[in-house]
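Every heavy atom of this structure was used, including side-chain atoms; hydrogens, water molecules and symmetry mates were not.
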Amino acid sequence: MNKIYIFGHKNPDTDSICSTIAYENLKKQLGYNNYIAARLGAINKETAFALNYFNVDQPMLLKGLNPQVSDLNLPKIVVAHETDTVKQTLEKIISKIGRSIPVVDENERLIGIVSISDIVPPYLEMTSKTVLKDLNTPFKNIMTELKAKILMGEYQHNNIRGNVYLASDLTGDIELTQDDIVIADRKTDIIKEYETNNCCMILGNYNENDIINGADSYEGIILTTEYSVYEIVKLIGYSVPIKTMVKKEALEYFVTYETIDDVKNNMLTSRHMRFPVVDEYGFIKGMISKSNLIDINRKKAILMDHNEKSQSIEGIEETEIVEVIDHHRVANVQTMAPLYFRIEPLGCTCTIVAKMYEENNITITKEMAGIMLSAIISDTLLFKSPTSTKEDRRIGEKLSKIAGVDLNKYGMKLITAGSSLSEETPENIISNDMKKFMFGKYKVMISQINTGDFAGFYTIFNDISGEMNKMCEVENIDLAVLMITDIVVGGTEILAVGKERWIAENAFKMDKEDVSIFLPNVFSRKKQVVPMLMNAAKL
């Protein structure tokens with residue numbers, strides 16, 4: 001069963017992480033074990049506090065969903081080994097498209113590739129009587145290709161160590177050794193003539209009823225076969241191993257973790273048409289050509305707490321989205337097929353997930369209740385945010401009882417757990433909960449951090465402003481906004497930079513000389529900041 005990844009947005013917040021974990025658990029309780037919770041970035045201090053408090057592991061880190069070689073439907077593979085005979089290898093190659101096959105070692109790891117053009121030229125040049133020993137031909141290869149039987153004797157070596165002769169070519173000045181091979185017709189009297197040499201005899205045209213004169217007294221080896229002498233000579237050439245014919249230098253192959261885009265680029269610059277595929281350990285997995293690149297098992301995903309392409313994982317365009325669970329506006333994620341799409345105007349995605357537990361009559365454990373409660377507290381700022389609804393509070397109160405915590409006391413602990421800004425780098429403050437939007441032609445970045453440490457913010461104010469300007473330049477962002485939200489103070493400090501800063505000035509009635517502005521009773525990026533910026537961008 002194919003894996004289905006569940007993940008929230010980039011720069012994940014507590015809701016993005018906890019909704020993912022809780023939804024994976026729900027799927028497992030419903031009997032589905034192929035759903036995998038994941039995250040697209042490092043968790044922040046607030047989220048870490050919640051997970052540690054309820055003893056829940058953070059999900060795996062997912063870096064991308066770009067189609068990889070491992071996602072291809074690879075055709076059934078046929079391989080050769082260096083000890084395979086020419087005949088065996090040619091039969092394998094001819095049965096396959098492309099006229100080439102990979103060559104592997106005894107552990108099925110790739111060592112080279114062989115094609116018809118690698119085999120035929122050297123095979124046609126095999127005329128020497130030393131060819132078998134020169135190519136380290138295994139004795140078993142001869143037995144296999146000739147369908148031979150041992151009438152008597154035993155060859156003392158794994159590989160052939162002698163020369164090969166036709167009986168008709170033998171003259172008196174040739175001294176045979178016990179390692180040499182003589183090919184003869186069983187009707188000749190060759191054994192009696194050479195009985196003192198004890199070489200290996202291959203007798204053709206043999207059937208089980210034949211009587212071989214002199215065989216009883218022969219001290220060498222006698223092989224018999226039904227093939228004629230002419231056929232034996234031909235098949236002897238077929239029996240040589242392909243070891244010296246295998247191409248190993250400048251071998252072009254692909255690894256299963258490589259992306260399809262990289263494979264396409266490499267294929268365009270290669271003179272080859274077919275390429276071996278191996279896993280990360282070098283084990284052969286298949287052969288591919290350009291035509292295989294369209295037969296892909298696309299990865300499947302469930303988007304939690306987001307539905308905008310810019311906020312999602314790299315490769316989302318090539319991914320099959322099967323579900324979206326969110327509480328934000330519907331944006332620009334396009335899908336390849338119909339899907340389960342659940343968007344509710346609630347303060348938190350975990351509120352939706354908790355309702356799904358209720359709808360499916362699934363018991364919520366203390367651990368799942370604790371992390372979902374943490375997400376609701378974080379997203380609604382302990383129900384002070386205008387995005388908070390009666391349903392968020394109902395679910396929150398229910399989860400707090402299951403988790404065994406006091407709602408308000410735990411909520412303040414959670415919010416203040418990640419509030420010390422003086423200990424954070426400007427980059428972390430900006431990127432911890434950052435989302436990117438397109439307001440018409442303008443590319444806008446909005447970050448938010450919850451804190452009870454306004455004093456700490458002002459000590460690193462200039463550093464944060466400088467980092468935001470740098471990010472605008474590097475990432476070609478028109479407007480960067482940072483929301484520093486404090487539920488104790490009761491509002492949000494807005495810091496805005498960028499070449500299109502006028503959008504924020506119009507939205508929040510900022511003067512040009514104001515580097516930031518405090519907005520009382522503003523807590524929600526989604527409901528109070530994004531709409532104002534969108535409207536201002538249209539002016």
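To the nearest 0.5 Å, atom CZ of residue Arg99 and atom CG of residue Leu90 are 10.5 Å apart. Of the inter-residue distances, the one linking Glu82 atom CD with Asn136 atom CG reads 10.5 Å to the nearest 0.5 angstrom.
Remark: Leu268 CG is packed, more than 12 non-hydrogen atoms of other residues, nucleotides or ligands lying under 6.0 Å away. Other residues, nucleotides and ligands contribute over 12 non-hydrogen atoms within 6.0 Å of the CD atom of Glu231. The 12-atom threshold is exceeded at CG of Asp134, counting heavy atoms of other residues, nucleotides or ligands nearer than 6.0 Å. Within a 6.0 Å radius of NZ in Lys243, other residues, nucleotides and ligands contribute 12 heavy atoms or fewer. Residue Arg161 places its CZ atom among 12 or fewer non-hydrogen atoms of other residues, nucleotides or ligands, all under 6.0 Å distant. Atom CE of Met60 has more than 12 neighbouring heavy atoms from other residues, nucleotides or ligands inside a 6.0 Å radius. Counted within 6.0 Å of CD on Glu314, heavy atoms from surrounding residues, nucleotides or ligands total 12 or fewer; the atom is thus considered open. In this structure, Asn360 places its CG atom where more than 12 heavy-atom neighbours from other residues, nucleotides or ligands lie under 6.0 Å away.
Contact annotation: the side chain of Ile321 never approaches that of Asn307 to less than 4.5 Å [non-hydrogen atoms, C-beta and beyond]. Using a 4.5 Å heavy-atom cutoff, the side chains of Val278 and Ile284 are in contact. Counting only heavy atoms from C-beta outward, the side chains of Val69 and Val255 never approach each other to under 4.5 Å. Two residues are said to be in side-chain contact when any heavy atoms from C-beta on lie closer than 4.5 Å; Phe341 and Val330 meet this criterion. For the pair Leu51 and Ile21, the minimum side-chain heavy-atom distance is below 4.5 Å. Leu251 places a side-chain heavy atom less than 4.5 Å from the side chain of Ile113. Within the 4.5 Å cutoff, side-chain heavy atoms of Ser16 are placed close to those of Asp13. By the 4.5 Å heavy-atom criterion applied to side chains, Lys285 and Ser70 are not counted as neighbours.
Counting only N and O atoms by type, the side chains of Asp326 and His306 include no donor and acceptor under 3.5 Å apart. Counted by atom type alone, Asn44 and Thr47 present one or more donor-acceptor pairs between their side chains at under 3.5 Å. Using a 3.5 Å distance cut-off with no hydrogens or angles, the side chains of Asp295 and Asn73 do pair a donor with an acceptor. For the residue pair Asp118 and Ser115, a side-chain donor N or O sits within less than 3.5 Å of a side-chain acceptor on the partner. For Asn163 and Lys133, the side-chain atoms include at least one donor-acceptor pair closer than 3.5 Å. A donor-acceptor pair shorter than 3.5 Å can be found between the side chains of Asp15 and Thr349.
One N or O on the side chain of Gln528 and one on the backbone of Ser524 form a donor-acceptor pair closer than 3.5 Å. A distance-only check finds a donor-acceptor pair linking the side chain of Lys92 to the backbone of Val79 [under 3.5 Å]. A donor-acceptor pair under 3.5 Å is formed between the side chain of Tyr155 and the backbone N or O of Asp179.
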Worked check of side-chain contact (heavy atoms from CB on, under 4.5 Å) between Met245 and Val240:
CA-CA 10 Å; Met245 307 169 190; Val240 299; 4.3 Å; yes
Stepwise, does the side-chain contact (heavy atoms from CB on, under 4.5 Å) test hold for Leu132 with Ser239?
CA-CA 8 Å; Leu132 294 187; Ser239 70; 4.1 Å; yes
Report the C-alpha distance between Lys435 and Glu308 in whole Å, list the side-chain angles of each, state the deciding distance to 0.1 Å, and finish with yes or no for salt bridge (charged side-chain N to carboxylate O under 4.0 Å, His left out).
CA-CA 10 Å; Lys435 294 182 179 179; Glu308 294 202 40; over 6 Å; no
Run the numbers on Lys499 and Asp478 for salt bridge (charged side-chain N to carboxylate O under 4.0 Å, His left out), then give the verdict.
CA-CA 6 Å; Lys499 59 186 178 182; Asp478 297 305; 3.6 Å; yes
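Minimum heavy-atom separation, Gly112 to Val246: CA-CG1, 3.8 Å. Closest approach of Ala80 and Ile101 over heavy atoms only: CB-CD1, 3.7 Å. Of all heavy-atom pairs spanning Leu40 and Gly8, the tightest one is CD1-O, 3.2 Å. Smallest separation of non-hydrogen atoms from Ile477 and Leu479: CG2-O, 3.2 Å. The two atoms that bring Met304 and Val353 nearest to each other are CE-CG2, 3.7 Å, heavy atoms only. Across every non-hydrogen atom of Glu323 and Tyr35, the tightest pair is OE2-OH, 4.4 Å.
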